[in-house]
Amino acid sequence: MINPRGINSSLRLLVKEFHKGNPQLHLSLARIDHDKIRTFDGQHKAVAQLLLGARKLVIRIFLNPDIDRLIETNTNAGSKLKQIAFDKSIVRQLHNTLYTEKLEQYQSDHGLAFDDFSFSEKDVVEHFKGERGNIKQYIVNSIKNQITHNSKLTDYIDFEGRGKELPISYSTFEKTFLALFINTKTILSTNINYREEEGLNPRILEHDQLIKLCNILAEEIYEKI
């Protein structure tokens with residue numbers, strides 16, 4: 001998954017534009033993955049055309065692509081360049097994917113098995129020296145992404161920021177809960193698998209405790225409404 005945005009209500013507006021004779025002109029982007037063509041940019045445009053009966057789509061396909069480069073480019077297009085900015089929640093999902101890719105690359109570079117995490121977040125940051133700032137951001141946003149999408153509170157968060165059916169906007173959740181409970185400057189020097197079997201791993205404890213707190217908020221405030 002390169003672009004984690006799902007097909008959502010904005011598709012309706014694109015369909016209306018097509019009916020008016022105003023199709024969006026940007027080509028959809030896709031890649032070959034196990035003999036399948038997977039669209040990762042311009043999904044809404046493609047679906048809007050299909051709903052209107054199109055049986056052929058003009059797309060740009062990347063053959064044997066560098067997945068990391070596609071993810072990074074797509075992330076920057078929706079964040080740093082901000083022609084149409086990604087929501088922060090989307091950026092954090094992308095950073096979570098990028099951090100996973102960096103962990104796998106670190107393991108490969110050091111001849112480690114895929115399940116060997118006998119190294120620290122700090123080790124990863126130091127290994128990718130030219131990308132130090134980005135890696136730190138990937139780590140923090142990976143944590144925020146995991147907290148956001150793995151609790152009972154998730155069902156009450158509006159990730160699009162435009163609807164009124166859900167009680168909490170992601171912006172509010174990010175500026176209050178995430179900003180208050182996650183230290184954006186802490187990169188751990190203990191191994192990623194440190195005391196994991198004993199239940200004393202600092203990252204796992206942080207994750208579990210914040211998930212528990214989110215669940216309490218959901219149960220005590222929103223599930224009783």
Side-chain angles (χ1 to χ4, degrees), residues 1-6 40 66-80 85-110 112-155 157 159 161 168 170-196 199-215:
M1 181 171 63
I2 293 178
N3 185 343
R5 289 187 297 187
F40 65 86
D66 180 339
I67 300 299
D68 286 348
R69 178 58 59 87
L70 290 182
I71 294 173
E72 182 179 355
T73 302
N74 207 37
T75 303
N76 291 344
S79 55
K80 294 179 181 179
F86 283 163
D87 293 334
K88 286 185 177 180
S89 62
I90 297 298
V91 173
R92 288 186 175 130
Q93 288 184 59
L94 289 167
H95 283 183
N96 180 64
T97 300
L98 285 167
Y99 180 48
T100 300
E101 295 288 341
K102 291 301 181 185
L103 290 177
E104 292 176 355
Q105 187 177 340
Y106 183 95
Q107 290 169 323
S108 176
D109 291 347
H110 289 80
L112 302 175
F114 74 94
D115 57 349
D116 185 345
F117 292 96
S118 57
F119 55 92
S120 68
E121 295 172 351
K122 187 175 180 180
D123 290 333
V124 177
V125 171
E126 292 300 320
H127 180 67
F128 299 100
K129 290 183 179 180
E131 305 174 68
R132 186 173 299 175
N134 286 339
I135 302 298
K136 288 182 178 180
Q137 190 174 24
Y138 297 164
I139 292 171
V140 172
N141 280 342
S142 176
I143 298 165
K144 290 183 177 182
N145 180 70
Q146 292 174 40
I147 301 303
T148 302
H149 292 280
N150 290 287
S151 76
K152 293 181 179 180
L153 196 61
T154 305
D155 293 336
I157 298 175
F159 291 98
I168 315 171
Y170 180 79
S171 177
T172 298
F173 180 70
E174 186 265 336
K175 291 176 181 177
T176 54
F177 190 92
L178 296 180
L180 183 63
F181 292 106
I182 296 177
N183 187 337
T184 59
K185 297 181 180 180
T186 300
I187 303 300
L188 299 181
S189 58
T190 53
N191 288 350
I192 292 175
N193 62 0
Y194 174 77
R195 303 187 75 174
E196 185 175 348
L200 296 175
N201 181 280
R203 279 295 182 223
I204 294 178
L205 284 173
E206 177 184 43
H207 175 274
D208 291 349
Q209 289 169 357
L210 291 181
I211 291 295
K212 184 176 181 179
L213 182 55
C214 284
N215 289 343

Polar side chain donor-acceptor pair, Arg92 to Asn145, under 3.5 angstrom
no

With sequence neighbours excluded, residues passing side-chain hydrogen bond (donor to acceptor under 3.5 Å, both in side chains) with Asn96
Ser142

All side-chain hydrogen bond (donor to acceptor under 3.5 Å, both in side chains) counterparts of Thr190, not counting sequence neighbours
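So Thr190 forms no side-chain hydrogen bond (donor to acceptor under 3.5 Å, both in side chains) with any residue.
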
Residue set satisfying salt bridge (charged side-chain N to carboxylate O under 4.0 Å, His left out) with Glu131, at least two apart, ordered chain then number -> Lys102

Could you state the interatomic distance from [atom1] ([X]) to [atom2] ([Y]), rounded to the nearest 0.5 Å?
X: Leu103; Y: Ile192; atom1: CG; atom2: CD1; result: 5.0 Å
X: Gln93; Y: Ile71; atom1: CD; atom2: CD1; result: 12.0 Å
X: Gln105; Y: Asp68; atom1: CD; atom2: CG; result: 6.5 Å
X: His95; Y: Thr100; atom1: NE2; atom2: OG1; result: 12.5 Å
X: Asp123; Y: Ile187; atom1: CG; atom2: CD1; result: 12.0 Å
X: Ile168; Y: Asp155; atom1: CD1; atom2: CG; result: 10.5 Å

Residues two or more places apart in sequence or in another chain: which of them pass ring pair (Phe, Tyr, Trp, His ring centres under 6.0 Å) with Phe181?
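Expected list: Phe177.
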
List the residues meeting ring pair (Phe, Tyr, Trp, His ring centres under 6.0 Å) with Tyr106, not counting sequence neighbours, and say none if there are none.
His110, Phe119, His127

Taking all heavy atoms of Ile143 and all of Ile182, pick out the closest pair and write down the distance.
CG2-CD1, 4.0 Å

I want to check something: taking the side chain as every heavy atom from C-beta on, are Thr148 and Leu178 in contact at a cut-off of under 4.5 Å?
yes

Show which side-chain atoms of residues 206-215 pair as donor or acceptor with protein atoms under 3.5 Å away, not counting sequence neighbours.
residue	atom	partner	partner atom	Å
Glu206	OE1	Arg203	NH1	2.8
Asn215	OD1	Lys152	N	2.8
Asn215	ND2	Ile211	O	3.4

